[in-house]
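Before any comments, here is the structure.
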Amino acid sequence: MPAVENTVLICAGGACISAGEKSVKEVFEDTLKKYSLETVVRVVETGCMGACDLGPILVIYPEGVFYQKVNAENAAQIVEEHILKGRVVERLLYKGDTGELKTKPQEELPFFTEQVKIATRNLGVIDPLSIDEYIARDGYFALHKALFEIGPEKVLETLKKSELKGRGGAGFPTWMKWDFTRKAQGDTKYIICNADEGDPGAFMDRAVLEGDPHTIVEAMTIAAYTVGAQKGFVYVRAEYPLAIERLTFAMEKAREYGLLGNNILGTDFSFDLEIRIGAGAFVCGEETALINSIEGKRGIPRVKPPFPANKGLWGKPTLLNNVETYANIPPIIINGGEWFSQYGVEGSKGTKVFALAGNVKNTGLVEVPMGITVRKLIYDIGGGIPGGKRLKSIQTGGPSGGCIPLEHLDTPITYDNLKKLGTIVGSGGMVVMDEDSCMVDVAKYFLEFTVEESCGQCTPCRDGTRRMLEILERITEGEGTMEDLDLLKELGENIMATSLCGLGQTAPQPVLSTMRYFWHEYEAHVLEKKCPAKRCKPLMRVVIDKDKCVGCTACARVCPVNAISGAVRKPHEIDPEICTRCGSCLAVCRFNAISKVSP
Amino acid sequence: MSADSIRETVTKIYEDINSQSLEKGDVLINTLHAIQDHYGNFIPIEAAEVLKELTGTPLSKIYEVLTFYTMFSTHRRGKYVIRICKSLPCHVTGGQEVVDALKNSLEISFGETTGDGLFTLEETSCLGLCGVSPVMMINDEAYGNLTKERVSEIIDSIVSRERGE
Amino acid sequence: MAKIKSLEELMKIKENAMKGLKMRDSGKKGKIIVAMGTCGIAAGAKDTLRAIVDSLDEKGIEDVAVVQSGCFGLCDVEPTIEVHLEGADPIIYGHVTPAQAKRIIDQHIVEGKVVGDLIVKKGEL
């Protein structure tokens, strides 16, 4: 990546935007692109810098040059003069007493202010290797409270009042799982933490394990005490080596401090933990497949019932929750159930961590009260779509979920609402897609994933998803028929009705959901042999505009297959027979002469 | 690698892991990971036979596990196993270009190993690093915000490090 | 470490560790926290960490501790670091390449001037 040479701050406070800043930023970025400077100049929108009467304002670092009253016209000039040629545009300079800005940083940014951090309370705040810092943030006080003050019944009651539901995807009330396992017959019981985070686009569990491993140790110990278990296993996917390392260290420290192992906090309650590592199988996120994998077997799901609460690991009663669910437990025990349920809305209480990924500005993790609207999450907290592109859809719930189209952006995010839209909250992954994404291609992408990850045990999932993928491949190659679309729908519904586990029962969701909201894109592929997003390679071509091409030969030089011909200073041409649609030429053309078309 | 040395190594690894476990037996997957780490990115097929005797598990069950999980390999792989994410978040942020760049610069396809035995290219599902997508892992090290250029830089720096040694 | 058996012992650890977290009575001028989740590392946090340590060494600065933390969630601006000087609001910086890290040491740690263009957040997380 080329080093960033300049940083440009553009005020995005309310006053400056109303003074026309939006277009300034766009013009600025467009002009940068025109000169291929977008990689060496970073444009940052700041909060209000407190100089509204001079707005819109713009500051260029490292020099710290301060321009005032910038408009669309002189923004382009600033790029051409200052950035490109290194000459300060004198007439736009700030003429006040001081060039020093009151840097009023973005503490008001919705990314920070809208968040309510419960499960992620310690992330980035404490040193994950320091048990003392965890204790400084009230760590292990919940364990103490459970053991000495309230006892198992009260723990269950608190959880019930909190209305916490499983954060791994299924959304089953957590207190019920704990209660079933507590009531199950048997002297030997197990606690499991599902850290086999696999949904594409979800990464909150990794962040918690890496940034706050003790919260899992503490929560599992409280769970063990409540249900009467002696041993616990954390099943972590092998793709997360750092999480394994930090959790291992946390467990050792907790044992040293007498917070894990024999006679915890000096009582006669003993509980110990062990890490079992996955080996690259998505299906192991399904609870019964995970149990098989811990037992050292192939990760294939078992038939339910019996449920793990009665017959789980080695046939014994087993409590299984995911990482994010556990991370909520200690604060709930300390602050009470009502404290947690004050957040959120009816049926979906508390907070949820969402992972923003894809074409969104602030990619990362955010924890917000349930019931927030999709729009607020993507635009206010996520900062919107980069590159001046338009939002097309948001994929939630990974390969088990579906998409939320533009018309439903104002839906409050709850378990029920998303279900009505044909998708799920799932583990909280949100993949944002802009106008350049083809929804048929996206559906195909998920099916490739499912075909790869199906464990092969039951026929609908193993063979059915493969047949669906073949149909989608035909469609994206321009060979699909309208009958194919009917067949796709029928197959999908059958697979959902007849598969053994959650993986198969939800695998067709991404296809059915995109068919529901983006039927026109499927039709365009089938009837017009067109890919509206110009993404499906067989249905698009790369062409050079003869009027714009100046014959600089830049494209011909980067073409890996020599598909571009033309003399110097004469318009060039691409041979569609040779062209692989790789897009290398598009990236180097400085005259916007090359574009993708779908004939 | 003689059959005897494999027997000795595998036995030691198994006993180590079993003794540290909360539940004895049934530690096949953790054992296979340790064997793979020991031999460097692959598990000699002879290890299965040894594990059969140690654990009393039928050979078919051991093969079952060995072949079910994508991270285990019984074929010798490169010193550096590159695992590039093929999931949606990486796809929509330019992952395909990065995949093509990797294939071009290494001149191999998925599942193949370079002639010098340095690199094996594999695809993986989501690595949970979507905030810095596109991403890949080279052995245990993660690399994010990938572009064509950054991929070549990373590969070149490994190659020159290896040649220097 | 003796095993903890009472609430008092737990409180004592909490109070001691709080001082470190809040930068009080720690005997240090300040600390730099580098976010070292895998996402940060993938974006180059290890190089940033090395640059910070080298730069502090070079300048003979010994009263600034360098520690690590997990990811605070804004992956887009990784690598991130937090500069926490005694008596001042902590500042989180984003996009901290090794070169920018050196700049932050020069300006913020040595001269006490906040590096405006890299600020992501001012104040406690």
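All values below were derived from every heavy atom in this structure, side-chain atoms included, with hydrogens, water molecules and symmetry-related copies excluded. Below, chain A is the first sequence line, B the second, and so on; all start at residue 1.
The 12-atom threshold is exceeded at NZ of C:K3, counting heavy atoms of other residues, nucleotides or ligands nearer than 6.0 Å. Residue-environment remark: CD (B:E8) stays at or below the threshold of 12 foreign heavy atoms within 6.0 Å. Heavy-atom contacts from other residues, nucleotides or ligands closer than 6.0 Å to NZ of C:K59 number more than 12. By the 6.0 Å contact criterion, CD on C:E62 is open, its count of non-hydrogen atoms from other residues, nucleotides or ligands being 12 or less.
Residue-level contacts of residues 128-140 of chain B with chain C, in order of numbering, are B:L129, B:G131, B:V132; threshold 4.5 Å between heavy atoms. For a heavy-atom cut-off of 4.5 Å, chain C lies close to no residue in residues 31-50 of chain B.
Side chains of C:E78 and B:N145 form no contact here, defined as non-hydrogen atoms less than 4.5 Å apart.
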